[in-house]
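Hydrogens, waters and symmetry mates are skipped; everything else that's a heavy atom, side chains included, is used.
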Amino acid sequence: VQLQASGGGLVQPGGSLRLSCVASGDTFSRYIMAWFRQAPGKEREFVAGISWRGGNTNYIDPVKGRFTISRDNTKNTMNLQMNNLKPEDTAVYYCAAKFTGPLRSATYNYWGQGTLVTVSS
């Protein structure tokens, strides 16, 4: 599967962005999906994951209540709605996919290119 992330940009603190990840090359519903991020000088970290049909989701604590992960298997698309953004959310965001395993894990097999999110006034 090939993954293409988009939607990053510059936003002020408190603002919102919606990231999208479009998949191609295979049946999208076969994959567990996730968003990761890597801030400058830091390791890449799991942000949110979603199960094959979207029934289960998982978030890291710093984004709970602010970020919402979703997917539309009819459009081969996964989204990350990010609200009340903070400067510490600044990072390159990556979408990732795998066939099976726990949502919250670093072991994803397929990766898209990153999209940069900058939260700054």
Side-chain angles (χ1 to χ4, degrees):
V1 67
Q2 291 80 49
L3 305 174
Q4 180 77 32
S6 63
L10 173 64
V11 63
Q12 293 186 344
S16 298
L17 279 177
R18 184 177 178 87
L19 305 184
S20 294
C21 177
V22 177
S24 60
D26 199 353
T27 304
F28 184 59
S29 59
R30 297 178 64 194
Y31 296 88
I32 293 169
M33 301 295 298
W35 288 98
F36 287 74
R37 68 186 180 186
Q38 187 167 19
K42 295 186 178 181
E43 293 187 355
R44 187 168 58 191
E45 66 172 347
F46 172 91
V47 175
I50 188 165
S51 59
W52 301 276
R53 296 184 180 181
N56 291 316
T57 58
N58 190 288
Y59 300 88
I60 56 172
D61 285 346
V63 309
K64 283 182 179 177
R66 300 189 298 121
F67 290 11
T68 302
I69 190 171
S70 63
R71 67 188 295 164
D72 184 341
N73 288 347
T74 66
K75 298 181 179 179
N76 293 351
T77 300
M78 172 183 65
N79 297 306
L80 185 69
Q81 178 66 42
M82 305 186 296
N83 298 328
N84 189 22
L85 282 160
K86 303 177 180 181
E88 52 263 42
D89 296 317
T90 295
V92 177
Y93 284 72
Y94 299 88
C95 56
K98 63 181 179 181
F99 288 115
T100 189
L103 296 183
R104 190 165 177 170
S105 166
T107 57
Y108 280 74
N109 305 110
Y110 304 93
W111 296 85
Q113 92 296 353
T115 185
L116 177 62
V117 172
T118 304
V119 185
S120 175
S121 55

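Contact between G55 and S51 at its shortest, heavy atoms only, is N-OG, 3.2 Å. Across all non-hydrogen atoms, the minimal contact from F46 to I60 is O-CG2, 3.1 Å. Contact between N76 and N73 at its shortest, heavy atoms only, is OD1-O, 3.4 Å. L80 approaches A48 most closely through the heavy-atom pair CD1-CB, 4.3 Å.
In the displayed structure, E88 atom CD is contacted under 6.0 Å by more than 12 heavy atoms of other residues, nucleotides or ligands.
A donor-acceptor pair under 3.5 Å is absent between the side-chain atoms of K86 and the main chain of T90, judged by distance alone. T77 places a side-chain N or O within donor-acceptor distance of the main-chain N or O of K75, the cut-off being under 3.5 Å.
At least one side-chain heavy atom of Y31 sits less than 4.5 Å from a side-chain heavy atom of D26. Looking at Y108 and I32, their side chains come closer than 4.5 Å, going by heavy atoms from C-beta outward. At a threshold of 4.5 Å between non-hydrogen side-chain atoms, the residues F28 and R71 count as touching. In this structure, the side chains of F67 and D89 come closer than 4.5 Å at one or more pairs of heavy atoms. Counting only heavy atoms from C-beta outward, the side chains of V63 and V47 approach each other to under 4.5 Å. A 4.5 Å side-chain heavy-atom check between W52 and M33 finds every atom pair outside the cut-off.
A cation-pi contact, defined as under 6.0 Å to the ring centre and within 45° of the axis, links R44 to Y94. The cationic atom of K64 (NZ for Lys, CZ for Arg) does not lie both less than 6.0 Å from the six-membered ring centre of Y59 and within 45° of the ring axis.
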(request) Would you please test M82 and R66 for side-chain contact (heavy atoms from CB on, under 4.5 Å) and show each step? (result) CA-CA 6 Å; M82 305 186 296; R66 300 189 298 121; over 6 Å; no
(request) Carefully, step by step, assess M78 and S70 under the rule side-chain contact (heavy atoms from CB on, under 4.5 Å). (result) CA-CA 6 Å; M78 172 183 65; S70 63; over 6 Å; no
(request) For side-chain contact (heavy atoms from CB on, under 4.5 Å), just list the numbers for N56 and L103, CA-CA rounded to whole Å, side-chain angles, deciding distance to a tenth of an Å, and then say yes or no. (result) CA-CA 9 Å; N56 291 316; L103 296 183; 4.2 Å; yes
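A donor atom on one side chain and an acceptor atom on the other are found under 3.5 Å apart for S105 and T107.
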Could you tabulate the donor-acceptor pairs under 3.5 Å formed by side-chain atoms of residues 4-25, not counting sequence neighbours?
from: S16; atom 1: OG; to: N83; atom 2: OD1; distance (Å): 2.9
from: R18; atom 1: NH1; to: Q81; atom 2: OE1; distance (Å): 3.3
from: S20; atom 1: OG; to: N79; atom 2: OD1; distance (Å): 2.8

